[in-house]
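Per chain, numbering begins at 1; letters A, B, ... match sequence-line order.
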Amino acid sequence: MPELPEVETICQALKPLLEGQSFLKIQANRPDLRYPLPVNMETVLSHKLISLISRRAKYLLLDFSHGLTLIWHLGMSGRVIIENLNALSLNSGPHDHVVFITSNNYKITFRDPRRFGFLLLYPTNQLKSLHPFKTLGPEPLGDIPLGVSVLHAALKRRTISIKNALLDQRIIAGLGNIYASEALWQARLSPRRGANTLRLKETKILLIEIQNVLRRAISAGGSTLRDYAQPNGDTGYFQYSFNVYKREHLLCNHCHFTPITRIVQSGRATYYCDKCQQ
DNA sequence: CAGTAGACTTGCCGCC
DNA sequence: GCCAGGCAAGTCTACT
């Protein structure tokens, strides 16, 4: 599910709620997701001050004031649900694997049917040396935004298709299958082009369109295909703004003439307009 | 090292 | 109506 815009939406919802608070109770309903849950998670984290909530690539990071960071990845189908404990009816389901009760009376649920998501605990000051953080590429929307020359140099070294390059988190952090296709359509670049064939001018346009599409998706609260929802239960709305993703056989929104093509690259669907995107 | 195929897992869509 | 098989927001591992 969650690519950068979805994780950012969740981060922005959790931040004002949890910073300065703590967890009173952490209930794990199974021993593992993708990886075993952190050992003694409740003992180690409960009643500890949450000092900072942030996002890096598709990872949520919860920093605790005693020096540990809870690394939270949502996998493909992970979802975060925020409910007020005073609400009349609280949701629960068979895939609610971890439930956090907060000091300000909220219930935070980690729901993940496919269990590709995970929670890991690691010392905050050593995060940068932990895989995958040590090889993660730059943030497209960071305080020090990814520069064109850096992206162009990284692409120059790769012979894989530009679509696959955009999915490589070591080149650029946070893009996934939806937004890679959408950004390439906006930039009028064929997903089949070799990454190393992009000219500097094309890389510049691509980077601008990546940033635009991510910003617009964040404003829309992300994209809901099936499992994803904003933490308040609303769907995301960016799926209504897709120009190519899941639009095979529908006419291109740019030329209004060519049906959108679906191809498979490295086992993943790619959608594009064969006429507009060169 | 670079690139690709397969693995993990559950559930939906819809073929026959 | 039933149900085979493909497909899905991600990323790690094993192999060439």
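- Checked against C/dC12, B/dG11, C/dG10, the side chain of A/R226 finds its nearest nucleotide in B/dG11.
- In this structure, A/E209 does not pair ionically with A/R188, as no charged nitrogen and carboxylate oxygen lie closer than 4.0 Å.
- As rounded to the nearest Å, C/dC2 and B/dT10 have P atoms that lie 24 Å from one another.
- A salt bridge is defined here as a Lys NZ or Arg NE, NH1 or NH2 lying under 4.0 Å from an Asp or Glu carboxylate O, and A/D168 with A/R158 meets this definition.
- Across C/dG1 and B/dG11, the matching P atoms stand 22 Å from one another, rounded to whole Å.
- Among the protein residues, A/F118 comes within range of no part of the nucleic acid, since none of its heavy atoms lies under 4.0 Å from any strand.
- Phosphate contact (OP1/OP2 of B/dT9, side-chain N/O of A/H95, threshold under 4.0 Å): absent.
- Aromatic pair A/Y271/A/F242: ring centres not closer than 6.0 Å.
- Base engagement by A/L225 is indicated by at least one non-hydrogen atom pair under 4.0 Å involving a base atom.
- With centres under 5.5 Å and a plane angle under 30°, the ring of A/F116 is stacked against the base of B/dC8.
- Among C/dT11, C/dA8, B/dT10, the nucleotide with an atom closest to any side-chain atom of A/R262 is C/dA8.
- Without hydrogens or angle criteria, A/E42 side chain to A/I26 main chain gives a donor-acceptor distance under 3.5 Å.
- At the phosphate of B/dC12, neither OP1 nor OP2 sits under 4.0 Å from any side-chain N or O atom of A/R114.
- At the heavy-atom level, A/F238 lies nowhere under 4.0 Å from the strands shown.
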